[in-house]
Chemist: 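Below you will find the structure I want to go over with you.
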Amino acid sequence: MLRTNHSFLKYFEQLYHQQDQKKDIVLQSFSKGEKILIQDQKPSGVMLIKEGIVKCFFAEENGKEYIVEFLSTGEIIGEVEMIKNINCLCSIQAMTEILAYSVDIPYCKSLIQKDITLNNLLLDSFAERIINTSSKASYQQLYTTEYTLVQLLAMQEKQQIQLSKEDMAAYLGIAVRSLNRILKNLK
């Protein structure tokens, strides 16, 4: 439910400290609630989360959101958009205070051309996301929403974050009204 990638973080920390002019990769902070990337808009760069938790979500035309994933330490964002040269597929919003490495797009593209380590980390990240998406889809088909909600509540407690009912419902793919009914039954 909360994705991390410590290998990617270690790689980015090395890149950050090895750069000569400290301009291709910069540390950037975001406040809780701030949108880091906005669906259908041009990405500002590729980012790797150093600290904090973000939610990755799709906003539908009717205003409803569907949370795909919660991402944390070492997770990369904006890389698909950079590779495909497209606008943001989804929005990324800070759930906590965020510290992220922000990489200039031309610099990141040049790294992809010459750095096999980066390419391997990206391939591993893509494969992991495919596995996680498939697992989440099958999990939601095989288990009850109540069971998934219990796990979501446990993750919330473990990470010491407060998810709104709207976010919980958006992650589960249900209406807030249905969530309230399930919460009532769980008590």
Side-chain angles (χ1 to χ4, degrees), residues 1-59 65-137 155 158-159 161 163 167 170-171:
M1 290 188 167
L2 180 64
R3 306 293 173 212
T4 61
N5 188 331
H6 296 286
S7 299
F8 229 145
L9 178 62
K10 185 176 179 182
Y11 169 81
F12 260 81
E13 285 176 336
Q14 288 173 345
L15 270 182
Y16 177 74
H17 292 295
Q18 290 171 355
Q19 62 181 335
D20 295 329
Q21 299 175 11
K22 304 276 189 215
K23 65 179 178 71
D24 294 321
I25 304 172
V26 296
L27 269 174
Q28 198 170 355
S29 59
F30 298 91
S31 302
K32 179 180 177 180
E34 188 175 349
K35 285 192 177 171
I36 300 169
L37 296 178
I38 300 172
Q39 184 175 324
D40 296 326
Q41 291 188 9
K42 186 174 173 73
S44 56
V46 175
M47 297 186 196
L48 188 108
I49 302 166
K50 180 175 171 63
E51 297 171 6
I53 300 171
V54 300
K55 67 177 178 178
C56 173
F57 66 96
F58 290 103
E65 293 179 0
Y66 176 71
I67 297 176
V68 179
E69 210 63 77
F70 295 103
L71 305 173
S72 188
T73 306
E75 286 293 322
I76 190 166
I77 55 177
E79 78 288 359
V80 171
E81 292 82 354
M82 176 208 53
I83 291 168
K84 297 295 289 176
N85 196 31
I86 58 174
N87 287 339
C88 295
L89 294 170
C90 59
S91 293
I92 307 288
Q93 185 175 16
M95 302 288 294
T96 64
E97 297 292 316
I98 298 296
L99 189 57
Y101 292 107
S102 180
V103 186
D104 183 57
I105 289 177
Y107 177 68
C108 197
K109 284 183 176 184
S110 73
L111 281 175
I112 287 175
Q113 294 295 317
K114 62 184 177 186
D115 191 336
I116 192 72
T117 303
L118 174 60
N119 285 298
N120 286 334
L121 287 165
L122 282 169
L123 284 172
D124 184 60
S125 178
F126 292 150
E128 189 69 26
R129 286 190 184 164
I130 290 168
I131 291 167
N132 292 337
T133 300
S134 300
S135 296
K136 182 180 177 186
M155 185 269 303
K158 180 180 178 187
Q159 296 300 320
I161 58 171
L163 298 176
D167 281 347
Y171 182 78

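Excluded from the calculations below are hydrogen atoms, water molecules and symmetry mates; all remaining heavy atoms, backbone and side chain alike, are included.
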Chemist: Is there any side-chain hydrogen bond (donor to acceptor under 3.5 Å, both in side chains) pair reaching into residues 102-112, and which pairs are they, with sequence neighbours excluded?
Modeler: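 Qualifying pairs: Gln28-Ser102.
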Chemist: Tell me the closest heavy-atom pair linking Asp167 and Ile67, and the distance in Å.
Modeler: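 What the structure gives for the nearest pair is O-CD1, 3.3 Å.
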Chemist: Roughly how far, to the nearest 0.5 Å, is the CG atom of Leu118 from the CD atom of Gln113?
Modeler: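 It is 11.0 Å, given to the nearest 0.5 Å.
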Chemist: Which donor-acceptor pairs under 3.5 Å do side chains of residues 74-82 form with protein atoms, sequence neighbours excluded?
Modeler:
| unit_1 | atom_1 | unit_2 | atom_2 | d |
| --- | --- | --- | --- | --- |
| Glu75 | OE1 | Arg129 | NH2 | 3.3 |
| Glu79 | OE2 | Arg129 | NH1 | 2.7 |
| Glu81 | OE2 | Leu89 | N | 3.0 |

Chemist: If the condition is side-chain contact (heavy atoms from CB on, under 4.5 Å), which residues does Ile38 pass it with, not counting sequence neighbours?
Modeler: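 Checked Ile38 against side-chain contact (heavy atoms from CB on, under 4.5 Å); matches are Lys35, Gln41, Ser91.
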Chemist: Quick check for you: to the nearest 0.5 Å, what is the distance between Gln39 atom CD and Cys88 atom SG?
Modeler: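 One finds 9.0 Å between CD of Gln39 and SG of Cys88.
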Chemist: So which atom in Ala170 and which in Tyr66 form the shortest heavy-atom distance, rounded to 0.1 Å?
Modeler: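 Looks like O-CD1, 3.2 Å.
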Chemist: Please assess Glu128 against Asn5 for the test side-chain contact (heavy atoms from CB on, under 4.5 Å), listing each intermediate value before the final yes or no.
Modeler: CA-CA 10 Å; Glu128 189 69 26; Asn5 188 331; over 6 Å; no
Chemist: Say you draw a straight line from CG of Leu122 to CZ of Phe126; how long is it, rounded to the nearest 0.5 Å?
Modeler: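 Answer for the CG-CZ pair, Leu122 versus Phe126, is 5.0 Å.
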Chemist: For Ile86 and Pro43, which heavy atoms make the closest approach, and how far apart are they?
Modeler: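 Where Ile86 meets Pro43 most closely, the heavy atoms are O-CD, 3.7 Å.
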Chemist: In Å, rounded to the nearest 0.5 Å, how long is the span from CG of Leu48 to SG of Cys108?
Modeler: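 Leu48 atom CG to Cys108 atom SG measures 10.0 Å (nearest 0.5 Å).
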Chemist: Taking Glu69 for the side chain and Arg3 for the main chain, is one N or O donor matched with an acceptor at less than 3.5 Å?
Modeler: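 Between the backbone of Arg3 and the side chain of Glu69 there is no qualifying donor-acceptor contact (under 3.5 Å).
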Chemist: Just to verify, which of Glu51, Lys32, Glu34 counts as forming a side-chain contact (heavy atoms from CB on, under 4.5 Å) with Glu97?
Modeler: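 Testing each of Glu51, Lys32, Glu34 against Glu97, the sole residue satisfying side-chain contact (heavy atoms from CB on, under 4.5 Å) is Lys32.
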Chemist: Could you state the interatomic distance from CD (Gln19) to CD1 (Ile25), rounded to the nearest 0.5 Å?
Modeler: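 Spacing of CD (Gln19) from CD1 (Ile25) equals 5.0 Å.
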Chemist: Which heavy-atom pair separates Ile49 from Leu9 by the least distance, and what is that distance?
Modeler: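 Between these two residues, the closest heavy atoms are O-CD1, 4.0 Å.
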Chemist: Report yes if some heavy atom in the side chain of Met155 is under 4.5 Å from a heavy atom in the side chain of Tyr171; otherwise report no.
Modeler: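 Contact flag for Met155/Tyr171 side chains = no.
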Chemist: Quick one: does Gln159's side chain get under 4.5 Å of Thr96's, heavy atoms only?
Modeler: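 Gln159 vs Thr96: side chains apart.
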Chemist: Answer whether the closest heavy-atom distance between the side chains of Ile83 and Ile112 falls below 4.5 Å.
Modeler: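 Side chain of Ile83 against side chain of Ile112, heavy atoms only: contact under 4.5 Å found.
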Chemist: What I'd like to find out is whether the side chain of Cys90 reaches to under 4.5 Å of the side chain of Phe57, using heavy atoms alone.
Modeler: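 When only atoms from C-beta onward are counted, Phe57 and Cys90 do not touch, as no gap falls below 4.5 Å.
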Chemist: Apply the test side-chain contact (heavy atoms from CB on, under 4.5 Å) to residues Ile161 and Phe70: give CA-CA distance (whole Å), side-chain angles for both, the deciding distance (0.1 Å), then the verdict.
Modeler: CA-CA 12 Å; Ile161 58 171; Phe70 295 103; 5.6 Å; no
Chemist: Walk me through whether Tyr11 and Asp115 qualify under side chain to side chain donor-acceptor pair (under 3.5 Å).
Modeler: CA-CA 11 Å; Tyr11 169 81; Asp115 191 336; 2.5 Å; yes
Chemist: Would you please test Asp124 and Phe8 for side-chain contact (heavy atoms from CB on, under 4.5 Å) and show each step?
Modeler: CA-CA 10 Å; Asp124 184 60; Phe8 229 145; over 6 Å; no
Chemist: Write down the atom of Ile36, the atom of Ser44, and the distance for their closest heavy-atom approach.
Modeler: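 Nearest pair, atom of Ile36 first, then Ser44: O-OG, 4.5 Å.
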Chemist: Can you tell me how far the CG atom of Asp24 sits from the OH atom of Tyr101, to the nearest 0.5 Å?
Modeler: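 The CG atom of Asp24 sits 14.5 Å away from the OH atom of Tyr101.
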Chemist: Under 3.5 Å, side chain of Ser125 to main-chain N/O of Leu121, donor-acceptor pair present?
Modeler: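 No: the side chain of Ser125 does not pair with the backbone of Leu121.
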